[in-house]
Amino acid sequence: MNNSNVSNQIQILFNQFKVRNFELVISKTKQLIKHHPEYVILYNLLGVSYQNIGEFNKAKENFIEGLKRDMNNIAMMNNLAMSYKNLLKYDEAENLYLKIIKKNKNYINAYVNLGNLNRDINNFDEAIKLYNEALKLDEKNPIIYYSLSLAHQGLGQFEKSINYAKKTLDLNPNFTQADHVISHSTTYTKENEHYKNLNNKIETLNLNENEKIDVYFALSKAEEDIGNIKKASENLIIGNKLKKKSVNYKISQDTNLFNNIKKIFNKKIKKNNKNLNEDNIIFILGMPRSGTSLVEQIITSHSEVFGGGELPILSNIIKNNFILNDNDLTTKTIEILENDSSLERLKNEYLNYLKYFNTNKKFITDKAPLNFRWIGFIKTLFPNAKIIQCTRDPKNNCLSMFKNLFEGGLNFTYDQEDLVNYYKLYLELMDFWKSKYNSEIYEVKYEKLIQNNDDEIKNLIKFCNLNWEEKCLSFHQNKTPIKTMSTAQARKPIYKSSLKSFEKYKDYLTTIETKL
C-alpha cells in the first residue's frame, strides 16, 4: 500500500471516528498499524477511540507507544494525560500537563485540562486561575468560558456562572451544554430571554441529537418554572427518549450484577482482624437525587469534616479488581476479600487517592450515590466507616432523576421503565444489606429532614460521632464546592416545595405513576 493509499485509509477512519463508530475504528486502525507502524497518527487515533469507549488503560498504552516514535507530539501527550486523569492517576496527569505548558506556553488545552483536574480535587481557585491563563491566550474560545461557568457554579457563584455560560453561547450558540448550566441556576418567567432563546433554538437552529437533548431538558425546567407542566412533561419525554437512544443500556446487566453481589455476600466472609483502627470516611449513598448533596452540605458544615463530593475511587477499585466484562463478579471475590495483603492493597489505593485533596480535617465525605451497591465491600475494607443512606419518596425521587442529565454511569434514568425497575433493584439490595448490617447503616429520610430539620440534623451529626456545632443548622452558608446539579438546591435553606413534586406530573409520567 503506497503513502497516498494509507492517507486515504486514515481519512476514512477519521470520518468513522466523527460518527462515533469507535469499535470499527479500533479494529481497522489496529490492522493498519501492523503494516504501517511508522504512522504515529494511528496510535493517537487508536488511543482516543479507546478513550471514547472507556478503555483508558488501552488508550494509555497506545499513546505511550506513539510517543516512543514522536516524543515531542504535544497532542498525544495531552491525550495521555487525559488517560491518566481518567485512571485517577492525577500526579502523572499533572506532570504531563505542566511538561506540555513548559514546551509550549500557548497550548490552551493543557491549561483547561489541568484546570479540570484541579476542579476534580476541589481546588477551585487554582482551576479558575488556569482557565483565566487560557483566556489570555484566546478570548474567543467557548470551552474556556464554559469551564469557568462550571467552576463558578460549583462554588455557588451563580451570577458569574450564568454570565460565563452566556459568553459561551455568544461565541457558539450550538454549545448547548451552556444552556443546560443556565437552566439549573435560573428561575424562569415567560418574559425570560433565555426561555425565548431555547424555544427559538428548537425551531430554527440546526442541532445534532446531543445538542437537542440539552435544549429539551433545559426547556422542560423552564416550562415547569412557568407552570406549564404538560409542556414540561412533553419536553422531558422527548429529551429522555433521545438520550436513551444515545446510550447502550440494558437493565439485565444491573440485574445480573445485583444478583451476583447478593450471592457473594450471602456467604460468611472472614473478617480482617488487623483493621481495628478508626476509619475516618463518611459514605453518603442512596439513589441519585435522594438528598445526598443536602446531607453532605450539612455534615461538611462541621469544622472537622472535609467534603470530598462524588468520589470515583471506590467504583474504580471494584471495577478493576472484582467485576468481569459481563457485570459478573469474579469467582475470586471472596478469596481477595479474605486475604489480608489484598485488602491492605485495596484500602491503601483508596486512602492514597484521598491524599489528592490535601486536607488536614479529621473526616472526609464520599457521597457517590451508587456506592450503595458496594456496601459489603465498604464494610470489609473500612469496617468502622460511617454509612448514611439517603431515602426519598420513590415517585418524587424517580421524577427528579428523570428530570436531570447526568455525567456517565446513570444510564438507567432515561427511560421510565428502566428507572422503575432499577429503583426496585435498589430497594431489594438495600433490604439485603440491612439484613446484614442494619445497625451500621443510618437512614436519613428526605421528607423527615425537611419537616423536622433541627432534630434530624442533630441526630445525623451524633451518628457521625461529631461534637455538636450550631453552624450545621446553617448548612446553606457552607462554601464547600458542589460538582453536581444539586448545587443550587443544596445552597438554599430547607424548603418544602419538593415534597409532593410528582403529584403534578402523574398524568404525564404514567409508567412511574402506575408501576412504582
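Since the structure is predicted, the reported quantities are computational estimates derived from the model, not experimental observations.
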Of E440, E428, E443, the one forming a salt bridge (Lys or Arg N to Asp or Glu O under 4.0 Å) with K434 is E443
If we only count heavy atoms from C-beta on, is the [X] to [Y] side-chain gap below 4.5 Å?
X: N123; Y: L117; result: no
X: F406; Y: R289; result: yes
X: F377; Y: L337; result: yes
X: S83; Y: F63; result: yes
X: V444; Y: I284; result: no
X: L346; Y: F322; result: yes
X: L410; Y: N404; result: no
X: Y146; Y: V181; result: yes

Between D225 and K221, is the closest basic N to carboxylate O distance under 4.0 Å? yes
Between [X] and [Y], what is the shortest heavy-atom contact and its length?
X: T365; Y: L311; answer: O-CD1, 4.1 Å
X: L419; Y: C398; answer: CD2-O, 3.3 Å
X: G54; Y: K319; answer: O-NZ, 4.1 Å
X: R373; Y: S315; answer: NH2-OG, 3.5 Å
X: G309; Y: E296; answer: N-OE2, 2.9 Å
X: D415; Y: F402; answer: N-CE1, 4.1 Å

Step by step, work out the ring-ring contact (aromatic ring centres under 6.0 Å, His included) result for Y426 and Y423. CA-CA 5 Å; Y426 153 73; Y423 196 90; 5.4 Å; yes
Could you state the interatomic distance from [atom1] ([X]) to [atom2] ([Y]), rounded to the nearest 0.5 Å?
X: D279; Y: L381; atom1: CG; atom2: CG; answer: 9.0 Å
X: L294; Y: R392; atom1: CG; atom2: CZ; answer: 10.0 Å
X: Y422; Y: F258; atom1: OH; atom2: CZ; answer: 3.5 Å
X: S293; Y: I298; atom1: OG; atom2: CD1; answer: 11.0 Å
X: S149; Y: I144; atom1: OG; atom2: CD1; answer: 13.5 Å
X: E456; Y: Y446; atom1: CD; atom2: OH; answer: 13.5 Å

Side-chain ([X]) to main-chain ([Y]) donor-acceptor, under 3.5 angstrom:
X: S246; Y: K243; answer: yes
X: S220; Y: F217; answer: no
X: N320; Y: N316; answer: yes
X: S342; Y: E338; answer: no
X: N452; Y: K448; answer: no
X: T186; Y: S183; answer: no
X: S290; Y: T391; answer: no
X: Q51; Y: N79; answer: yes
X: K436; Y: F265; answer: yes
X: D366; Y: G307; answer: no

### Task
Run the numbers on W433 and K379 for side-chain contact (heavy atoms from CB on, under 4.5 Å), then give the verdict.
CA-CA 10 Å; W433 292 134; K379 292 306 300 175; over 6 Å; no
Test side-chain contact (heavy atoms from CB on, under 4.5 Å) on N280 and I364; report intermediate values, then the result. CA-CA 7 Å; N280 296 337; I364 187 168; over 6 Å; no
Between L114 and E94, is a side-chain contact (heavy atoms from CB on, under 4.5 Å) present by the stated rule, with each step listed?
-> CA-CA 7 Å; L114 185 54; E94 182 180 26; 3.8 Å; yes
Take atom [atom1] in [X]; do more than 12 heavy atoms of anything else shown fall under 6.0 Å from it?
X: K458; atom1: NZ; value: yes
X: N358; atom1: CG; value: no
X: K262; atom1: NZ; value: yes

Check against salt bridge (charged side-chain N to carboxylate O under 4.0 Å, His left out), E417 and K515:
CA-CA 8 Å; E417 197 80 42; K515 295 195 174 182; 2.9 Å; yes
- Working for side-chain contact (heavy atoms from CB on, under 4.5 Å), residues L87 and K60: CA-CA 9 Å; L87 290 165; K60 178 193 77 174; 4.1 Å; yes
Pair K367-E310, salt bridge (charged side-chain N to carboxylate O under 4.0 Å, His left out): steps then yes or no
CA-CA 5 Å; K367 79 150 205 93; E310 296 189 10; 3.0 Å; yes
**Cation-pi geometry met for K386 and F463 (6.0 Å, 45°)** = yes
Would you say the side chains of [X] and [Y] form a donor-acceptor pair under 3.5 Å?
X: N260; Y: N256; value: yes
X: D254; Y: Y249; value: yes
X: K462; Y: N459; value: no
X: Y505; Y: E224; value: yes
X: Y131; Y: N116; value: yes

Worksheet entry | Derivation of the ring-ring contact (aromatic ring centres under 6.0 Å, His included) call for F175 and Y145 | CA-CA 11 Å; F175 204 123; Y145 288 106; over 10 Å; no
Sequence neighbours excluded, the answer for side-chain hydrogen bond (donor to acceptor under 3.5 Å, both in side chains) partners of E159 is none
